[in-house]
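Report on one structure; see the data block that follows.
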Amino acid sequence: MAAISSATRHVPDTLKRTVRSTWGVFGQATRRTRVLPTFLIVGAQRCGTTSLFKALIQHPHVVGPVLRKGVHYFDTSYDRGEDWYRGHFPTRAATRARGDRPRVEVGESSPYYLFHPLAAERIARDLPGVRVIVLLRDPVERAYSAHSHERARGFESEPFERALELEEERLAGEEARLRADPDAYSHSHQHHAYLGRGRYVEQLLRLEEHVGRDRMLVMDSESFFTTPEPLFTEVERFLGIPHADGIRFDRHNARPRADMPDALRQRLVSYFTEPDARLAAWWGRTPSWRA
């Protein structure tokens with residue numbers, strides 16, 4: 001099934017949409033034969049989630065959704081129902097243990113899950129026993145990278161410093177609105193939370209409350225990009241799969257951008273001092289960007 005997903009990487013977007021639409025009809029028609037995920041990469045955004053997912057699906061005991069890395073069910077598509085979600089994944093026959101092969105682990109990567117106020121509760125309720133992986137990055141670099149990403153996708157029109165100034169106004173009341181109306185959607189909450197998404201400990205505490213610390217693996221993105229092999233071995237242990245050799249570790253979705261002005265960088269470093277201290281206390285280690 002991973003081969004189908006790989007085959008869509010180098011074709012035009014219009015053809016990709018056609019293939020996904022056709023698959024969607026077939027997946028829904030056969031959804032009762034399909035499995036739900038055993039693990040999720042839940043974020044954080046712009047912290048290497050795609051790179052980890054691309055490495056994981058090379059593993060012979062791991063598969064993902066048939067045509068995409070992330071389904072965004074527990075954040076923006078929850079109203080579509082569990083059958084719709086199930087339709088994105090491989091069949092039970094393709095994932096069950098057979099011969100000397102253990103059960104194949106099934107996962108997806110949707111980085112808005114970590115930040116959406118209802119996603120953790122939904123995940124815990126609908127996927128009891130699921131394991132979740134979180135990658136964290138210097139929140140200053142994450143914010144700058146996210147802004148570049150959102151501008152490139154057409155979701156942001158303001159320059160970085162102005163977007164930071166507007167964030168409080170843009171997000172005012174949005175989390176409360178999402179909590180009050182489970183079918184609500186907030187464009188700014190998903191695409192304009194440059195500072196909010198970098199206050200990691202708030203999101204980790206919420207995830208821990210619903211999923212449990214023992215089913216969470218929190219990783220430092222910089223360590224993963226610098227020395228991926230030992231961290232990937234840790235992921236294998238966490239998922240309960242044997243070690244696989246020959247995994248390629250590539251960096252995906254990196255975007256070139258101008259250097260951040262030093263004065264702005266220092267303001268952001270100061271802004272995140274207290275949230276990073278709380279993160280270190282929760283994590284039991286000093287993040288690489290504060291070491």
Side-chain angles (χ1 to χ4, degrees), residues 37-57 62 64 69-75 105-124 126-127 129-143 145-146 149 190 193-228 230-241 249 251-253 272 275-290:
T38 58
F39 76 91
L40 300 171
I41 302 175
V42 300
Q45 181 203 36
R46 308 302 295 165
C47 291
T49 57
T50 298
S51 298
L52 176 59
F53 180 79
K54 297 286 189 184
L56 267 172
I57 60 172
V62 175
K69 82 178 181 76
V71 182
H72 285 282
Y73 173 59
F74 293 106
D75 46 32
E105 300 299 320
V106 180
E108 61 131 330
S109 174
S110 295
Y112 188 33
Y113 287 168
L114 184 64
F115 191 59
H116 192 282
L118 297 178
E121 179 182 352
R122 292 166 173 172
I123 289 167
D126 294 355
L127 299 178
V130 74
R131 284 153 289 180
V132 294
I133 300 172
V134 180
L135 291 98
L136 304 180
R137 174 188 186 184
D138 178 351
V140 176
E141 289 298 324
R142 194 221 69 80
S145 175
H149 182 67
Q190 183 172 8
Y194 306 111
L195 301 176
R197 287 205 191 207
R199 295 192 297 268
Y200 299 130
V201 71
E202 302 168 4
Q203 302 158 67
L204 292 168
L205 286 168
R206 179 171 60 211
L207 191 64
E208 180 182 26
E209 176 186 355
H210 293 288
V211 174
R213 186 74 172 265
D214 61 326
R215 290 196 278 124
M216 298 167 57
L217 176 63
V218 181
M219 300 168 55
D220 191 307
S221 296
E222 187 59 36
S223 298
F224 177 66
F225 285 126
T226 303
T227 54
L231 270 74
F232 192 77
T233 299
E234 188 176 353
V235 173
E236 290 173 321
R237 286 197 297 265
F238 179 67
L239 297 181
I241 54 179
F249 299 103
R251 193 157 190 163
H252 295 268
N253 291 345
F272 284 113
D276 283 349
R278 293 178 60 211
L279 170 65
W282 180 89
W283 204 358
R285 56 175 289 186
T286 302
S288 63
W289 58 91
R290 291 287 181 177

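Residues: numbered from 1 along the sequence shown.
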Original post:
In terms of ring plane angle, is the pair Tyr112 and Phe115 parallel, tilted or perpendicular, where the classes change at 30° and 60°?
Top reply: tilted

**OP:** Any chance you could lay out the side chain to side chain contact (heavy atoms under 4.5 Å, CB included) test for Trp283 and Leu204, step after step, and finish with the verdict?
**Re:** CA-CA 9 Å; Trp283 204 358; Leu204 292 168; over 6 Å; no

To the closest 0.5 Å, what do you measure between [atom1] ([X]) and [atom2] ([Y])?
| X | Y | atom1 | atom2 | answer |
| --- | --- | --- | --- | --- |
| Glu209 | Glu121 | CD | CD | 8.5 Å |
| Leu136 | Gln203 | CG | CD | 8.5 Å |
| Ser110 | Phe53 | OG | CZ | 9.0 Å |
| Ile57 | Glu108 | CD1 | CD | 12.5 Å |
| Leu217 | Arg131 | CG | CZ | 11.0 Å |
| Phe224 | Leu135 | CZ | CG | 7.0 Å |

Nearest heavy atoms of [X] and [Y], plus distance in Å:
| X | Y | value |
| --- | --- | --- |
| Leu279 | Pro287 | CD2-CG, 3.8 Å |
| Asp220 | Leu231 | O-CD2, 3.9 Å |
| Ile241 | Glu105 | CG2-CG, 3.5 Å |
| Ala44 | Val134 | N-CG1, 4.3 Å |
| Arg206 | Pro117 | NH1-CA, 3.6 Å |
| Arg122 | Asp75 | NH1-O, 3.6 Å |

Subject >> Test applied, side chain to side chain contact (heavy atoms under 4.5 Å, CB included); reference residue, Arg215; option that passes from Ile123, Val132, Leu207, Val130 >> reply: Val130

Establish, from distance only, whether the side-chain atoms of [X] and [Y] form a donor-acceptor pair under 3.5 Å.
| X | Y | answer |
| --- | --- | --- |
| Glu208 | Trp282 | yes |
| Arg137 | Ser221 | no |
| Trp289 | Asp276 | yes |

Original post:
Are Glu234 and Arg237 ion-paired here, with the side-chain N under 4.0 Å from a carboxylate O?
Top reply: no

**OP:** Go through Tyr194 and Gln45 one step at a time and tell me if the side chain to side chain donor-acceptor pair (under 3.5 Å) criterion holds.
**Re:** CA-CA 10 Å; Tyr194 306 111; Gln45 181 203 36; over 6 Å; no

Original post:
Do Val235 and Met219 have side chains that get closer than 4.5 Å, going by heavy atoms?
Top reply: yes

Original post:
Would you call Leu127 and Phe74 a side-chain contact if the rule is heavy atoms closer than 4.5 Å?
Top reply: yes

Subject >> Pi-cation contact, Phe272 with Arg199 (under 6.0 Å, within 45°) >> reply: no

